[in-house]
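Have a look at the structure below, then the notes.
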Amino acid sequence: MSDKGKSLNFIEHIIEEDLRNGFPDHLLRFRFPPEPNGYLHIGHASSICLNFGLGLRYDAPVNLRFDDTNPTKEEQEYVDAIKKDVEWLGFSWDKECYASDYFQQLYDWAEALITDGKAYVDSQNSGDIAAQKGTPTEAGTNSPYRDRPVEENLELFRKMKEGAFEEGAHVLRAKIDMASPNMLMRDPVMYRILHRAHHRTNTDWCIYPLYDWTHGESDYIEQVSHSLCTLEFGPHRELYDWFLDQVTASDKVRPKQREFARRNLSHTVVSKRKLLQLVEQGHVNGWDDPRMPTISGLRRRGCTPAALRSFAETIGIAKRENVVDVALLDHHMREDLNKITPRVMAVLDPVRVIITNYPKEGEEWVQAENNPEDPNSGHRELPFSGELFIEREDFREEANRKFFRLKLGGEVRLKNAYIIKAESVKKDREGEILEIHCTYDPKSRSGSGTPESLRKVKGTLHWVSARHAIRGEVRLYDRLFSDPTPDGHKEKNFLDFINPDSLMTVTAIMEPGLKDAKPGERYQFQRLGYFCVDSDSTEGHLVFNRTVTLRDTWAKIELKQV
RNA sequence: UGGCCCAUGGUGUAAUCGGCAACACUACUGAUUUUGGUUCAGUCAUUCUAGGUUCGAGUCCUAGUGGGCCAACCA
């Protein structure tokens, strides 16, 4: 990484300390361990950048490990989507791993634990087991099966594995301490019976290990040195260490679990359950709807991997509760998009301009910079004529001097073309403006070098020649929720805060060169924002998604005037 | 009637051994600009509270306050 001079986050401090204490840097190894039961979201992006970022910083391998121990929820579809997202973010994993690859090893270790008297088969139902757990303030009570003889445990466990029992008939539990102040240490369940096909092991197994028994041992098998997870796993650390104690050899790396606070983004939710609800109840059009905070949604909206990475870098990592302002994400998207996107002109809410002193059927071509931020981006030719479209909100019959745009009797520069002056308007019976009649200064053409062309006029507008224009669908997205913390209200459901105007679709007028735009391509529509060609586009029907607007100082001025 | 974690501007994150509270975003000023974009300059903090240790505390100690997590055969 290029951040050697940067201050360290608390995880890096821990690693630096381990290194100082003699941990060999070539044994550093990390992992990103998603469960393939849903799509990755921006919170995962942060975790991906953390783990893979550490890999880059310390030149250490990072595994992509699927935590696939629950066949009732997990599917291959999610595995594929997750791999695509991680790759798209720009990271390469060392090994592609699956917890399910370790089922046999885990099983063998479980038998050893039983033999050691450290695990037993409990034949109660889940309700009874839960009842015996006690509460955070009261000790639990021992299961009547807790002192089952080793031989009987072994026999039952083997039969569980062979499929001799119904789901729920028995579980394997670690024998730890039913009075522990940490509820996770009260004889946690290690295996349950599930007669379900697994997306990788199919029907090979009918007992499946639970998270706590699986995760640390998987880290150990892969020789992960630092296993990073979110804060809610803090209490699990004691159990993680206990399970590791049962198997760790002295000459192997003993993985270290550390916890960080998940990143929350304002004006959205990042919980798989809630995202699923948005999809299933049709509040959005799927997991990759551009309003979704999923990586696939952000990608479809036009966000770049670089923007997501620099965003993750900026928000950092710590242990306190947080809500990151979505405006910061917007900033990082604009920062990257400003550098890389070609500028084009498109009018979202058109009104017709007639230049009365322009030759009737005349037309000419003007030159436009493709990207002022990129000197190598070159220029393109744009058709100009006496009949144009401009943005309806760029004209007012009357306005004060703060309004830099077109008004009756006022002048304005048409970007890359001429200075025009509004003379009169034509309206329909309802008073809606149909045409703005203007005159132009023929000597004011951009780049011509004439004194007239060098005149300073306050406003510059984007425009499209009516005769040459093409049309396209533009989807204007806004934040999905109107409240900064939609799921932070005890009394109200997060769905109550859904922004009814999160999607507005318009037909826009666009410069003709856009007709060959391909899905995934990003543009800046000048003075409007950044837009990305959507995958819904078909031959002859272009669809653009608005990624993010440009910063809009005028909108703020206007707001204050009201 | 318990255990664990956390507390620094509006937001997020820094601050070496205890030594001038820093960076980014937002907001607001101003300059530049043929995008009201970009760029540039500037403004915005009693480090949760109260004690204590110290020449010196965001940092260490004690107590309090506030917040989060823990009783899935989920991860």
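Just so you know, these numbers come straight off a predicted model, no measurement behind them.
Between B:U38 and B:U33, the distance separating the two C1' atoms is 9 Å to the nearest Å. Between B:U54 and B:U13, the distance separating the two C1' atoms is 29 Å to the nearest Å. B:C44 sits 14 Å from B:A21 when the P atoms are compared, rounded to a whole Å. A gap of 26 Å separates the P atoms of B:G36 and B:A24, to the nearest Å. Between the C1' atoms of B:A57 and B:C48, the separation comes to 16 Å (whole Å). Nucleotides B:G3 and B:U46 are separated by 35 Å at their P atoms, to the nearest Å.
The closest side-chain donor-acceptor pair between A:D187 and A:Y120 falls under 3.5 angstrom. Side-chain contact of A:T294 with A:H41: a donor-acceptor pair under 3.5 Å is absent, judged by distance alone.
Computed from coordinates, the A:Y240 OH to B:C4 C1' distance equals 18 Å when rounded to whole Å. Atom pair A:M190:CE and B:C74:C1' shows a separation of 17 Å (rounding to whole Å applied). The CD atom of A:E35 sits 6 Å away from the P atom of B:A75 (whole-angstrom rounding). Between the CD1 atom of A:I129 and the C1' atom of B:C73 there is a distance of 7 Å, rounded to whole Å. Across the protein-nucleic acid pair, A:K133 atom NZ and B:G2 atom C1' stand 16 Å apart, rounded to whole Å. Whole-Å rounding puts the A:N264 CG to B:G12 P distance at 10 Å. Summarising the geometry, the separation between CG on A:L231 and P on B:A7 is reported as 11 Å, rounded to the nearest angstrom. Look at CG on A:D68: it is 15 Å from P on B:C74, rounded to the nearest Å.
Salt bridge annotation for A:R445-A:E364: present, with a cationic side-chain nitrogen under 4.0 angstrom from a carboxylate oxygen. Using a 4.0 Å cut-off between charged side-chain N and carboxylate O, A:E411 and A:R455 make a salt bridge. The pair A:D122-A:R146 fails the salt-bridge criterion, with no side-chain N (NZ, NE, NH1 or NH2) lying under 4.0 Å from an Asp/Glu carboxylate O. A salt bridge between A:K256 and A:D219 is absent, with no side-chain N of the basic residue lying under 4.0 Å from a carboxylate O of the acidic one. The pair A:R380-A:E511 meets the salt-bridge criterion, since a charged nitrogen lies less than 4.0 angstrom from a carboxylate oxygen. We find that A:E259 and A:R237 are joined by a salt bridge, their nearest charged nitrogen and carboxylate oxygen being less than 4.0 Å apart.
For B:A75, the OP1/OP2 oxygens have no side-chain nitrogen or oxygen of A:K272 closer than 4.0 Å. Phosphate contact (OP1/OP2 of B:U11, side-chain N/O of A:H267, threshold under 4.0 Å): absent. In this structure, A:S7 does not reach the B:U13 phosphate: none of its side-chain N or O atoms is under 4.0 Å from OP1 or OP2.
With the nearest nucleotide of RNA chain B identified for both A:P235 and A:A169, A:P235 has the one nearer the 5' end. A residue-by-residue look at A:V324 and A:P181 shows that A:P181 has its nearest nucleotide of RNA chain B further toward the 5' end.
At the heavy-atom level, A:G234 lies nowhere under 4.0 Å from the strands shown. Heavy atoms of A:L184 sit nowhere under 4.0 angstrom from any nucleic acid atom. A:Q124 comes within contact range of at least one nucleobase, with a heavy-atom separation under 4.0 Å. Across all strands shown, A:T72 has no heavy atoms under 4.0 Å from either base or sugar-phosphate atoms. At the heavy-atom level, A:H462 lies nowhere under 4.0 Å from the strands shown. Nucleic acid contact for A:L194: none, since no nucleic acid atom lies under 4.0 Å from a heavy atom of the residue. Contact annotation for A:D67: backbone-only contact, meaning every heavy-atom pair under 4.0 Å involves sugar-phosphate atoms and none involves a base. In this structure, A:V189 reaches the sugar-phosphate backbone alone: every heavy-atom distance under 4.0 Å involves primed, P, OP1 or OP2 atoms, never a base. Nucleic acid contact for A:H170: none, since no nucleic acid atom lies under 4.0 Å from a heavy atom of the residue. Nucleic acid contact class of A:D212 (heavy atoms, under 4.0 Å, all strands): none. Counting any heavy atom pair closer than 4.0 Å across all strands shown, A:Y191 reaches no nucleic acid atom.
Taken from OG in A:S453 to NZ in A:K443, the straight-line distance is 12.0 Å, to the nearest 0.5 Å.
Nearest heavy-atom pair, A:V412 versus A:T460, reported as atom, atom and distance to 0.1 Å: CG2-N, 4.3 Å.
The environment of A:R262 atom CZ is sparse: at most 12 non-hydrogen atoms of other residues, nucleotides or ligands sit within 6.0 angstrom.
Counting only Watson-Crick or G-U wobble pairs whose defining distances are both under 3.5 Å, the stems of 3 or more consecutive pairs in RNA chain B are B:2-7 with B:65-70, B:10-13 with B:22-25, B:27-31 with B:39-43, B:48-52 with B:60-64.
Residues A:N371 and A:P342 form no side-chain contact, since every pair of their non-hydrogen atoms from C-beta on lies 4.5 Å or further apart.
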Legend entry - Protein-to-nucleotide contact annotation, 5' to 3' order, nucleotides 31-40 of chain B [B base; S sugar-phosphate only; - none; under 4.0 Å, heavy atom]: ---BBBBS--

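Not a single donor-acceptor contact under 3.5 angstrom links the side-chain atoms of A:H332 to the base of B:A24.
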